[in-house]
Amino acid sequence: MKKWIPIASGLFAGFVAATISFADFSAKTSTEAASTTKSDAEKVYVPFGQKDDYYLFASGGHSGQMFIYGVPSMRHIRTVPVFSQDSATGYGFDEHSKKLMGGYTWGDLHHPAFSETNGDYDGKYMFATDVGNSRAAAMDLKTFTVKDIINVPNTSGPHCAAFVTENTEYMFLPTRFAVPLQHKYESLDDYSTKYRGVMSAVTFDEKKQKLNIGYQVALPPWSYDLSDAGKKESADWAVMTTYNTEESTTNLEINASQADRDYIVLFNWKELEKMVKEGKYENVGGQKMIFPEKQKGGIYLIPVAKSPHGVDVTPDGKHFIASGKLAPTMTVFSFEKAFKAVANKDFAGERNGIPVLNYKSVMEREVNPENALGPLHTQFDDKGMAYTTMFISSEIVKWDPKTGETLDRVPVQYSPGHSVAAEGDTVAPDGKYIIALNKISKDSYLSVGPSHPESMQLIDISGKMKVIQSAPVNPEPHYAQMIKADKIKTIEVYPKDTKNKEAVYKQSDTKIVRNGNKVDVYGIAMRSKFIFDAKAKRPDVIEVNEGDHVTIHLTNIDFDEDITHGFAINSYNLNMEVQPGQTNTMEFVANKAGTYPLYCTNFCSALHQEMTGYFLVKPKQ
């Protein structure tokens with residue numbers, strides 16, 4: 001037995017020595033331990049019964065729609081029609097949305113922006129602009145439905161909002177295309193004197209859920225691209241980029257890239273607001289318009305690398321960062337230095353009657369990450385670090401705005417335009433994820449023919465940057481915003497509105513009212529039938545005469561979560577959606593005589609197929 005003691009002692013001593021030499025005694029939190037063992041698939045997996053941490057709202061570009069995703073799963077949750085008709089929901093066919101559409105059938109949705117309180121997302125509303133038809137929209141996040149759309153006069157193609165000011169006082173919509181005021185015909189030979197780029201200050205009345213034009217600013221005839229509102233100490237200010245300061249009118253890909261520098265427009269919206277209150281404006285087509293060459297103050301120009309795209313304010317509100325698409329450099333500008341330059345009239349002359357601040361007096365530093373090409377747009381994490389998309393070198397670069405030091409970088413597939421970090425343009429970013437919105441996805445997904453889907457890539461930025469999920473996306477994510485899921489408080493059913501004269505909540509109250517050739521139907525939808533007139537022999541039948549003007553008010557009396565009904569008339573090119581508790585209205589002329597089945601278009605129960613009726617149109621005698 002004694003002979004085993006030295007052997008056991010030697011083994012124990014060796015074990016202790018190995019443990020001391022190679023073991024890691026550093027304290028690890030459970031989160032750190034989990035993060036080192038989780039695969040990428042586990043990081044994005046959201047088990048059934050659980051929900052994503054974030055909503056991602058992605059612009060739909062020329063689809064005119066907003067695409068909603070869950071993050072980190074990257075699952076497509078909903079498509080919300082905003083500027084385009086949508087047969088799935090009847091958007092653009094019912095009276096409310098048809099009125100909002102204003103006769104248009106499509107839109108080019110850019111740059112969604114959440115409403116804010118104290119510089120942070122409040123989860124109440126989402127705003128967006130329509131480049132195709134010069135409109136702006138407001139979406140209620142309790143129902144994910146559009147409440148108002150406004151046509152923006154004197155302007156052409158509002159490319160983005162300055163997202164919103166710190167407490168949603170304004171959205172600033174700069175125009176992408178310069179046009180003559182009121183869209184008058186003017187020769188392009190007179191471009192520099194007769195054309196203008198107009199910025200509109202749009203307000204939102206939350207109580208009435210209405211958008212309005214506060215005032216407009218007649219800027220030089222340049223193209224205005226992206227913008228951002230100040231924060232904290234810079235909250236009264238906003239910035240936006242502009243290109244084609246050459247004032248070219250043809251072959252812009254060449255002629256609008258001649259000058260070494262273009263400009264950032266720096267403006268004090270409270271000062272402009274004060275001008276309007278003091279009557280320092282002109283009336284143009286019924287709009288209050290400030291002309292900077294006449295009403296001096298409040299607007300300044302800052303030179304920037306040519307053909308800039310994004311301009312982004314840091315979370316602390318102290319700096320703004322701009323990038324020239326045709327230069328490999330990001331420039332960090334100081335609000336404090338800009339304010340001093342304004343106060344000291346530290347100008348390098350004027351351009352189109354607007355003072356130009358000295359570049360060196362406002363610039364903090366130029367940042368040029370090695371081999372990074374095509375900087376476009378910057379987002380931020382919870383430590384104030386910047387993340388810039390590089391369109392040409394297909395990557396996102398992480399860097400420190402205070403030093404310019406490159407900290408990390410990750411390749412993406414391919415050509416990212418914008419990116420969106422978790423609440424990354426607020427005063428309090430989360431610093432958990434950033435998503436690359438890529439313009440090209442060649443070879444990434446199953447082929448669907450010559451046109452490939454765009455792609456989004458989810459990047460974990462909690463440690464070293466890593467792409468952990470890729471997802472195809474409908475065209476085209478020009479921009480997106482990501483909000484904590486618990487900030488959005490949706491309703492499950494529409495509450496009863498006893499003041500709504502078009503609503504019917506009891507079967508016995510359903511009726512068809514005829515007044516000459518005008519027919520009003522006050523009906524209900526319920527599982528699994530329509531009732532249009534409870535007293536009729538066939539309560540699920542609407543009978544009219546050819547040429548009658550028909551208005552159908554339909555109330556869904558299933559006050560039950562997720563029981564949505566639809567209403568369509570076969571061969572009449574009509575469809576609308578009626579959500580639980582909602583009353584919706586459809587108006588049309590019965591211009592085709594005959595027998596037409598009507599039916600529920602949204603699956604609602606086991607007897608959904610039986611939820612039908614007839615629309616009978618008596619021919620003219």
Side-chain angles (χ1 to χ4, degrees), residues 81 85-105 494 497-558 564-579 581-604 607-621:
Q85 292 179 326
D86 178 51
S87 61
T89 60
Y91 187 83
F93 297 91
D94 65 74
E95 288 311 296
H96 171 70
S97 59
K98 188 162 62 175
K99 184 178 179 182
L100 291 179
M101 292 284 288
Y104 294 105
T105 59
Y494 282 84
D497 182 2
T498 56
K499 295 181 180 179
N500 184 358
K501 295 179 180 179
E502 298 174 352
V504 173
Y505 296 106
K506 295 180 182 178
Q507 297 184 40
S508 58
D509 291 337
T510 58
K511 58 186 176 181
I512 298 176
V513 180
R514 305 175 191 275
N515 185 6
N517 69 343
K518 188 176 185 304
V519 179
D520 281 278
V521 180
Y522 299 87
I524 62 168
M526 59 183 291
R527 286 174 289 188
S528 297
K529 60 184 175 182
F530 295 108
I531 300 177
F532 305 115
D533 186 352
K535 300 177 181 65
K537 180 180 179 181
R538 295 182 178 86
D540 51 8
V541 172
I542 301 171
E543 189 166 344
V544 300
N545 298 317
E546 185 180 2
D548 279 352
H549 189 105
V550 182
T551 304
I552 298 173
H553 310 285
L554 190 63
T555 302
N556 180 349
I557 65 169
D558 284 320
T564 297
H565 294 298
F567 176 82
I569 300 175
N570 186 258
S571 299
Y572 253 81
N573 194 35
L574 296 168
N575 178 46
M576 69 177 176
E577 181 182 81
V578 193
Q579 296 182 6
Q582 182 187 23
T583 300
N584 210 348
T585 298
M586 176 187 291
E587 193 172 340
F588 61 99
V589 174
N591 54 10
K592 292 189 293 185
T595 300
Y596 303 97
L598 56 86
Y599 69 104
C600 176
T601 51
N602 287 48
F603 183 85
C604 54
L607 298 178
H608 166 69
Q609 290 285 91
E610 284 75 11
M611 192 169 173
T612 63
Y614 282 96
F615 181 61
L616 303 177
V617 185
K618 292 181 181 179
K620 290 180 179 179
Q621 298 301 323

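Values below: every heavy atom of this structure, side chains too, minus hydrogens, waters and symmetry copies.
- The shortest distance between side-chain heavy atoms of Met526 and Gln507 falls below 4.5 Å.
- Distance check, rounded to the nearest 0.5 Å: CD1 of Ile557 to CD of Gln582 gives 14.5 Å.
- One distance of note links CD of Gln609 with OG of Ser528; it measures 10.5 Å at 0.5 Å rounding.
- To the nearest 0.5 Å, atom NZ of residue Lys618 and atom CG of residue Leu616 are 9.0 Å apart.
- Looking at heavy atoms from C-beta onward, Phe588 lies out of side-chain contact with Asn573 at the 4.5 angstrom threshold.
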Practice prompt. Tell me, with the steps shown, if Val578 and Asn584 meet side chain to side chain contact (heavy atoms under 4.5 Å, CB included).
Written response: CA-CA 6 Å; Val578 193; Asn584 210 348; 4.2 Å; yes
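- Residue Glu610 places its CD atom among more than 12 non-hydrogen atoms of other residues, nucleotides or ligands, all under 6.0 Å distant.
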Worksheet entry | Worked verdict on Asp533 versus Tyr522 for side chain to side chain contact (heavy atoms under 4.5 Å, CB included) | CA-CA 8 Å; Asp533 186 352; Tyr522 299 87; over 6 Å; no
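- Judged by distance alone, the side chains of Thr585 and Glu502 do bring a donor and an acceptor atom under 3.5 Å apart.
- Evaluation of the ring-ring contact (aromatic ring centres under 6.0 Å, His included) rule for Tyr91 yields no partner, not counting sequence neighbours.
- Side-chain polar atoms of His565 and Asp558 form a donor-acceptor pair below 3.5 angstrom.
- Counting non-hydrogen atoms of neighbouring residues, nucleotides and ligands closer than 6.0 angstrom, the NZ atom of Lys529 reaches no more than 12 such neighbours.
- Remark: the backbone N or O of Ser97 is paired with a side-chain donor or acceptor of Asp94 at under 3.5 angstrom.
- Residues Cys604 and Thr564 have side chains not in contact (no heavy-atom distance under 4.5 Å, counting atoms from C-beta outward).
- Residue pairs meeting the side-chain hydrogen bond (donor to acceptor under 3.5 Å, both in side chains) criterion with at least one member in residues 536-552, sequence neighbours excluded, are His549-Glu587.
- The two residues Ala503 and Asp497 make their nearest non-hydrogen contact at CB-O, 4.3 Å.
- Here the side chains of Pro597 and Asn570 are in contact, with some heavy-atom distance below 4.5 Å.
- Around atom CG of Asn591, more than 12 heavy atoms belonging to other residues, nucleotides or ligands sit under 6.0 Å away.
- Looking at every heavy atom in both residues, Ala590 comes nearest to Phe615 through CB-CZ, 4.0 Å.
- Across all non-hydrogen atoms, the minimal contact from Pro539 to Ala536 is CD-O, 3.8 Å.
- With contacts defined as side-chain heavy-atom distances shorter than 4.5 Å, the pair Phe532/Val521 qualifies.
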Item to complete: Show the numbers, then the answer: is there a side chain to side chain contact (heavy atoms under 4.5 Å, CB included) between Leu554 and Met586?
Response: CA-CA 8 Å; Leu554 190 63; Met586 176 187 291; over 6 Å; no
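- For the pair Thr510 (side chain) and Ala534 (backbone), a donor-acceptor distance under 3.5 Å is present.
- Across all non-hydrogen atoms, the minimal contact from Gly566 to Thr601 is CA-OG1, 3.2 Å.
- For the atom pair OG1 (Thr583) and CD1 (Ile524), the distance works out to 11.0 Å, reported to the nearest 0.5 Å.
- In this structure, Tyr599 has its ring center no closer than 6.0 Å to that of Phe567.
- Between His608 and Cys600, some side-chain heavy-atom pair lies under the 4.5 Å cut-off.
- For the atom pair Leu598 CG and Thr612 OG1, the distance stands at 7.0 Å (nearest 0.5 Å).
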Worksheet item: Do Lys518 and Asp520 pass the salt bridge (Lys or Arg N to Asp or Glu O under 4.0 Å) test, and can you show the C-alpha distance, the side-chain angles, and the key distance before you say yes or no?
Response: CA-CA 7 Å; Lys518 188 176 185 304; Asp520 281 278; 2.6 Å; yes
Worksheet item: Where do Phe530 and Met611 land on the side chain to side chain contact (heavy atoms under 4.5 Å, CB included) test, with the steps shown first?
Response: CA-CA 7 Å; Phe530 295 108; Met611 192 169 173; 3.8 Å; yes
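- Under a 3.5 Å cut-off, the side chain of Asn575 and the backbone N or O of Ser87 do form a donor-acceptor pair.
- The main-chain N or O of Val504 is found under 3.5 Å from a side-chain atom of Thr555 such that the two form a donor-acceptor pair.
- Counting only heavy atoms from C-beta outward, the side chains of Arg514 and Ile512 approach each other to under 4.5 Å.
- The shortest side-chain heavy-atom distance between Phe93 and Met576 does not fall under the 4.5 Å cut-off.
- Taking the ring centre of Tyr572 as origin, the terminal cationic atom of Lys592 falls inside the region bounded by 6.0 Å and 45° from the ring axis.
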